[in-house]
Each structure stands twice: as structure tokens, then as C-alpha cells.
Amino acid sequence: MGRYLITAALPYSYSVPHLGNFVGSVLPADVYHKYLKMRGDDAIYVCGSDQHGTPTELAAIKAGVAPEVLADEMHEKIKKLFEKYECTFTYYGKTNTPENKGVVYSIFNELYNNGYLLEREDMQAYCNVDERFLTDRLIEGTCPYCHKRNARGDQCDNCGRLLEPAQIKDPFCAICGKSEIRFVKTKNLALELNKLQGDIAKFIKKTSKNNWSKDAVNKSLSMIKEGLKPRDITRNMKWGFPVPLVGYENSVIYVWITGLIGYIGITKQWDSKRWRDYWQNEHTQLIQFLGKDNTIFHTIIWPGMAMGSRLGFILPHTIKESQFLVSKTLKFSKSHGVGLNMKTAIEILGADYWRFSLMYMYPENADSEFSERALVETVNTIMNDKIGNLAQRVLKLSKSNRSLIEEEIPSTKDPKVRRIIKEYEAAFDKLQLKKAIGAVVKLAELGNSIMSDREPWVLAKNAKSDAKAERQVREIFSELLSITYQLGILLYPFTPRASAELLSYFGIRSEPTSAMLNDKIRPKLDSDPKPIFQKITDKETESLRKYS
RNA sequence: AGCGAGGUAGGGUAGCCUGGAGUACCCGUCGGGCUCAUAACCCGAAGACCGGAGGUCCAAAUCCUCCCCUCGCUACCA
């Protein structure tokens, strides 16, 4: 039995996450956590709202409320949304808490004491109207190369060139639209990753053997090969944890730092004592789920901070990076209430449908395309026709032939079933989640083909007069019921509600465990079985089309 | 522009590290079977110059080089 600590990239607390965000980290992490719990491992799953950062601050200004008010409101909304999707975190916390502040400061102070923070000065744009510093992206104007007007301080979207804010012609502030910008000398503290790069490289080379994606390993190593540079970990703004040093009264610690350490702070919110048993215990396997856009924060910056602080915090064991779920036809939107996001999606279909179909399309190694067609196909043909229908036909036929059903049925010894279960477990062990869900489908396919091959409905008719037929049909029913029951268990990480429904026909009321796969079963066929999945209706399809 | 990943039947994927006949899976299509089940299920077939061009090799989807396309990162978007 291992000790596992699972994290999913923290959703920002200024908008409703869209389906791409969900399938990129929180959902696969939840699926994996449910599997580990099922296996009986000591596994905790922490996630939460990332509350700091400029976007939250700006959204608060726009809404006319304090950033902490907006961030806490959104936190509650997002937390409830995840509950609707049957995500069962050990703790879903947030980053703007005293617990997190404590951990952030202890790491920050040690980095400072150990000589890994470099003070450096720079010229930073300042808006006289808004009376605030502007991040590079908040400066807009004309591109010095292609002369298009929509260039931003970091990059021109038109010609794609990387820019410096001072290069922008006719700059104006993206917040107020005015041109009252001046450049002011500022100082920031930078984490000297250059001093740590040898150790970080060693760590990645060694640890990436634990099922890291090719993309995550190679881009991290290639970045190190090019040479790591000091990276600012403070910002000149008000929303965030103040930098605990004299001379930095107007600065806060950068959102990414409070976010990465937020995983720890959130664990501390969960349990003020036990958090150390996970985070400062070399036997804990830290499994981090995240999208491809923020890999290096987890592979380079967190390891750098953890090493530099020398506080014994663990480094990631596995980086489970996802690519992106994209859609040419449907609008995924980050803005409030617009587009197909976690809030609007759950109003159309229940949690099981989204959980299963999104995991079926999980962009594990490459971007994958989400479309109405793909969703309908997955729900209707895979979930409903293959899995749901198998359960239904087995249970109904069994119920109408109750006299031919054994009271107690041993777990099937069919080697094909054993192989599929092994494949499922091996896939999870290697964090190959698409392969794992594929094994579930395979088991249903096997059940369906056994049904067609052996035609138990024919044998059942002959059973009264034919002892041999009776013996055969009893065996087949046992086999099929065993498969149906096992299917109920394997479904649990993906579709917890359907799993519970299916297992209820076997008198199981508790959450399933892997050990139960080998248990003897006692079918309960008192009530009429109801389909565990349904096809997508025209009405639901129409609701989806609203977002095309 | 540099770096990383991806490009495989009509659609979606696996295979690539460690070369062995384009091998496999799902959807869709076509043909057959079944009638227990939610018009569901099962079996079979057709369908691919494996992004392009070179190279290495007895043999390349797989290894090497160059090119094209998509996505991500490039250190103050987070």
C-alpha cells in the first residue's frame, strides 16, 4: 500500500472553468483518486481555487467589489460545480488563507535566507489614471514591426513577434484605454533558478521515468539546456500576499508562487497536523495533473523552490500533463455564463455522461477534438448501447428466469475477463487513463458477445425439460451476472452514479473496492432493472447546439 | 523566430521508445445473423500511398535529415 498525494491544477477563481479545463486536470485526477481509494491506498486528493492574480483583481474592479469578496464568491460557486460533477476531493480549498500564507512565507523566507532570491530593478509601466502598474499584456498599442494596432506588450497577435512593453508605439492602458502611461523604476525579487538548474535537471532525468509525458519531459529538459534564468516571484500590485520584507511594501508574492504552494496550504486547511505526513514525507508519491500550458511551473519552478527552501517538501513523482480539448464547432468560453462551460454543460447532461465522455476523449497525448457528434456518439453508442444495454439485458433476462439463478455466484474464472481486469489495473498503474476506460468498454463488449454466442434465452426455454440445458444456462447466467457486477465496480472511477446503481442489483450499498472483484455475489432481482444510461435526446442535442 | 509535442481508412484513436507484410480498436458505411435487451446486441466485409521529400537497412508508421501544417511554451497572461 502506497501513500499518494494527488493534485489537480488549481482553477482560477475569476470565472467558471470550461470543459477543457475540467478534462485537463480535475477530472482525470478525480478518476485516478477514486481508483486508488478503490484499491485501498492511502491517497488524498487536494485542489482548490487559485484566488490571487491580476485577472481576479481586474474582475473585482469591474464588479465593484473587493478582490477577496469576488474570489471567495467564485470559490463557492466552483466548489459546488465540482460537487455536481461528482468530484470527491479530500479537500477543495483556496489559496487566500492564513494556512497558505504561513507556508508561502516559510518557503519564501528560507529561499531568501539561503540566498536564492535576487533583488533586481526594472522599468515597469504605470498607468496614471488607474494608479497601478501594468503587466506587459495590459499595455496595448501599435506593433513596431508590422504596424498593426492590436499589439500587446508581450507579443503582437498579428505578426507573432515577441515584444517588450517599451517597444509599443502609441501605448495605452488596456484597463482604462487612456495613454497616460509612464515607466517607473521598480524592484522585484527573482528566484535564481540558474543556481538550482543542475539539481533540477538531475531530478527530472531521474523522476520522469515515472510515466511523465514525453512533452513534459522534453520541454522541461530543453528549457534547462538553454539555461535557466532568474524568474521574478513578486509583482507590483496590491492583491495577494504582501512581500514580507522591508522596502517591498507595495509588492505581493506572484500568483503562481502562491498557487504552487497552494497545494500545500490547502492540505494544511484540510488537516493542520497531517499535512506534513504527506508533504514532508519522502515516501509520498506526489502525482500532479495539469495542462500542457503550465507544465514548467510544476517541473521546474516548484522543484526549484522546494530544493532551495531546504524544508524537506517533496517533489513531484509523476507529472500527468494533458494536452488540450479543442472544438471547432462548439464554443468553450471562459467568460461568465457564455459558451459551453462546466455550469452550462451540467444543465444539459448529468455528471456520469460528462465524466465518461470527456475521459473517453481525454487529450492524453495529443489535442483532441470535442464536438456534438463525438459526444453523442460516445454517450449513445458506447455508454448506452454497449455498457448500459449489456447490464439491462443481463439483469432483465436474469429476473425473468429467477429460478435459474444461483443464490451465490463465485467470481468468474473466464481468462478473458481476468485479462481485461488486469489490463484495467495495469493501465491505471501507468496512469494511462484512456486505456483504462477502454478496458471497461472491452468488458462490456465481451459480455455482449458471450450473450450472443451462448444464447441463454434459448437454453432457458429448454431448461424445464432438459437437465443439461439447465446446467448450462445456470453457468451462463452466473458468468454474465459476474461480468455485470464487475463492470459495476470498474465503472466506479468514471461513472460513480451508474456504478452504484448497477451494484445495487447485487445488494452493494457501499463504495466498491478492488477486492470486491473476487467476491462471491448474491444477485438481488426484486425490482425491475432500470437502464443505467440513456441516449441523448433531441432536446438535449438542441441545447448543445446553442453553443455552436 | 527559437524550443517541445502532434499529424495513422470518412471521423476518432492505439501502435513509434525496443524496425519485421499497414497490424489493431471504436464510431460511421455495406452484407449477414439474433430477437434476451433501451431499434439495442453479435459476426463478416469494404475502406489507409501511416503529413511531404530524401536517407539508413535484407526490412521503416517506427531510426536519421530537411520541409509543410496544428497546438503549447519562450521567463510580467496565468
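Residue numbering restarts at 1 for every chain, and letters A, B, ... go by the order of the sequence lines.
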Across the strands shown, which category fits [X] at heavy-atom distances under 4.0 angstrom: base, sugar-phosphate, nothing?
X        : result
A:Gly388 : base
A:Asn448 : sugar-phosphate
A:Lys328 : nothing
A:Tyr360 : sugar-phosphate
A:Ser368 : sugar-phosphate

Problem set entry | Derivation of the ring pair (Phe, Tyr, Trp, His ring centres under 6.0 Å) call for A:Tyr263 and A:His298 | CA-CA 11 Å; A:Tyr263 296 129; A:His298 295 81; 5.7 Å; yes
Check: In this structure, which one of A:Tyr14, A:Trp239, A:Tyr12, A:Trp256 forms a ring-ring contact (aromatic ring centres under 6.0 Å, His included) with A:His52?
Finding: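 Of the listed options, the one satisfying the test is A:Trp239.
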[N] to [M] separation - [atom1] atoms, rounded to the nearest Å:
N     : M     : atom1 : value
B:G10 : B:G52 : P     : 13 Å
B:U62 : B:A5  : P     : 16 Å
B:U13 : B:G51 : P     : 14 Å
B:G72 : B:C77 : C1'   : 14 Å
B:C42 : B:C34 : P     : 16 Å
B:C17 : B:U29 : P     : 36 Å
B:C69 : B:C76 : P     : 30 Å
B:C36 : B:G31 : C1'   : 24 Å

*asked:* If you assign A:Pro531 and A:Ser449 each to the RNA chain B nucleotide with the nearest heavy atom, which residue ends up on the more 5' nucleotide?
replied: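 Its nucleotide being nearer the 5' end, the pick is A:Pro531.
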Looking at [X], I'd like to know if its [atom1] atom is crowded, meaning that more than 12 non-hydrogen atoms belonging to other residues, nucleotides or ligands lie closer than 6.0 Å.
X        : atom1 : value
A:Asn250 : CG    : no
A:Arg497 : CZ    : yes
A:Asp453 : CG    : yes
A:Lys238 : NZ    : no

So, OP1 or OP2 of [N]: does either fall under 4.0 Å of a side-chain N or O from [X]?
X        : N     : answer
A:Lys214 : B:G6  : yes
A:Asn389 : B:C41 : no
A:Lys442 : B:C26 : no
A:Gln392 : B:U38 : yes
A:Lys396 : B:U38 : yes

Could you go through A:Ser478 and A:Glu406, starting from their C-alpha distance and side-chain angles, then the distance that decides it, and tell me whether this counts as side-chain hydrogen bond (donor to acceptor under 3.5 Å, both in side chains)?
CA-CA 7 Å; A:Ser478 293; A:Glu406 306 288 348; 5.1 Å; no
Over how many whole Å does the gap from [X] atom [atom1] to [N] atom [atom2] extend?
X        : N     : atom1 : atom2 : result
A:Leu397 : B:C34 : CG    : P     : 18 Å
A:Glu369 : B:G6  : CD    : C1'   : 14 Å
A:Asn218 : B:G4  : CG    : C1'   : 7 Å
A:Asn384 : B:A39 : CG    : C1'   : 11 Å
A:Asp453 : B:G33 : CG    : P     : 17 Å
A:Leu480 : B:C42 : CG    : C1'   : 13 Å
A:Asp528 : B:U38 : CG    : P     : 10 Å
A:Asn365 : B:A5  : CG    : C1'   : 10 Å

Exercise. Spell out, as yes or no, whether a donor-acceptor pair under 3.5 Å connects the side chain of A:Glu119 to the backbone of A:Lys187.
Key: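 No, the answer is negative, given that no donor and acceptor are paired below the 3.5 Å cut-off.
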(request) Could you pull out all residues at least two apart from A:Asn365 that satisfy side-chain contact (heavy atoms from CB on, under 4.5 Å)? (result)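 Per chain and number, A:Asn365 pairs via side-chain contact (heavy atoms from CB on, under 4.5 Å) with no residue.
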Can you pull the salt bridge (charged side-chain N to carboxylate O under 4.0 Å, His left out) pairs that have at least one residue in residues 353-368 of chain A, sequence neighbours excluded?
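Qualifying pairs, neighbours excluded: A:Asp30-A:Arg355, A:Lys292-A:Asp367, A:Lys320-A:Glu364.
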* **Stepwise ring pair (Phe, Tyr, Trp, His ring centres under 6.0 Å) test for A:Phe108 and A:Phe241** => CA-CA 11 Å; A:Phe108 182 92; A:Phe241 294 143; over 10 Å; no
Do [X] and [Y] pair up side chain to side chain, a donor and an acceptor below 3.5 Å, judged on atom types alone?
X        : Y        : result
A:Asn188 : A:Gln124 : no
A:Thr299 : A:Ser220 : yes
A:Glu377 : A:Tyr360 : no
A:Gln288 : A:Thr7   : yes

Under 3.5 Å, N/O pairs linking protein and nucleotides 27-31 of chain B:
residue : atom : partner  : partner atom : Å
B:C27   : OP1  : A:Lys386 : NZ           : 2.9
B:C27   : O2'  : A:Glu377 : OE1          : 3.1
B:C27   : O2'  : A:Glu377 : OE2          : 2.8

With B for base contact, S for sugar-phosphate-only contact and - for none (protein heavy atoms under 4.0 Å), nucleotides 72-78 of chain B reads SSBBBBB
Report each atom pair, protein N/O against N/O of nucleotides 67-70 of chain B, whose distance is under 3.5 angstrom.
none

Here RNA chain B, pairs taken as Watson-Crick or G-U under 3.5 Å and shown with ( ), [ ] when crossing and | when to another strand, reads ((((((((.[[[[[)....(..]]]]].(((((.......))))).....[[[[[..)....]]]]])))))))....
- Using the salt bridge (Lys or Arg N to Asp or Glu O under 4.0 Å) rule, pick out the option among A:Lys442, A:Lys430, A:Lys416, A:Lys435 that qualifies with A:Glu423.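 In the set A:Lys442, A:Lys430, A:Lys416, A:Lys435, the residue that makes a salt bridge (Lys or Arg N to Asp or Glu O under 4.0 Å) with A:Glu423 is A:Lys442.
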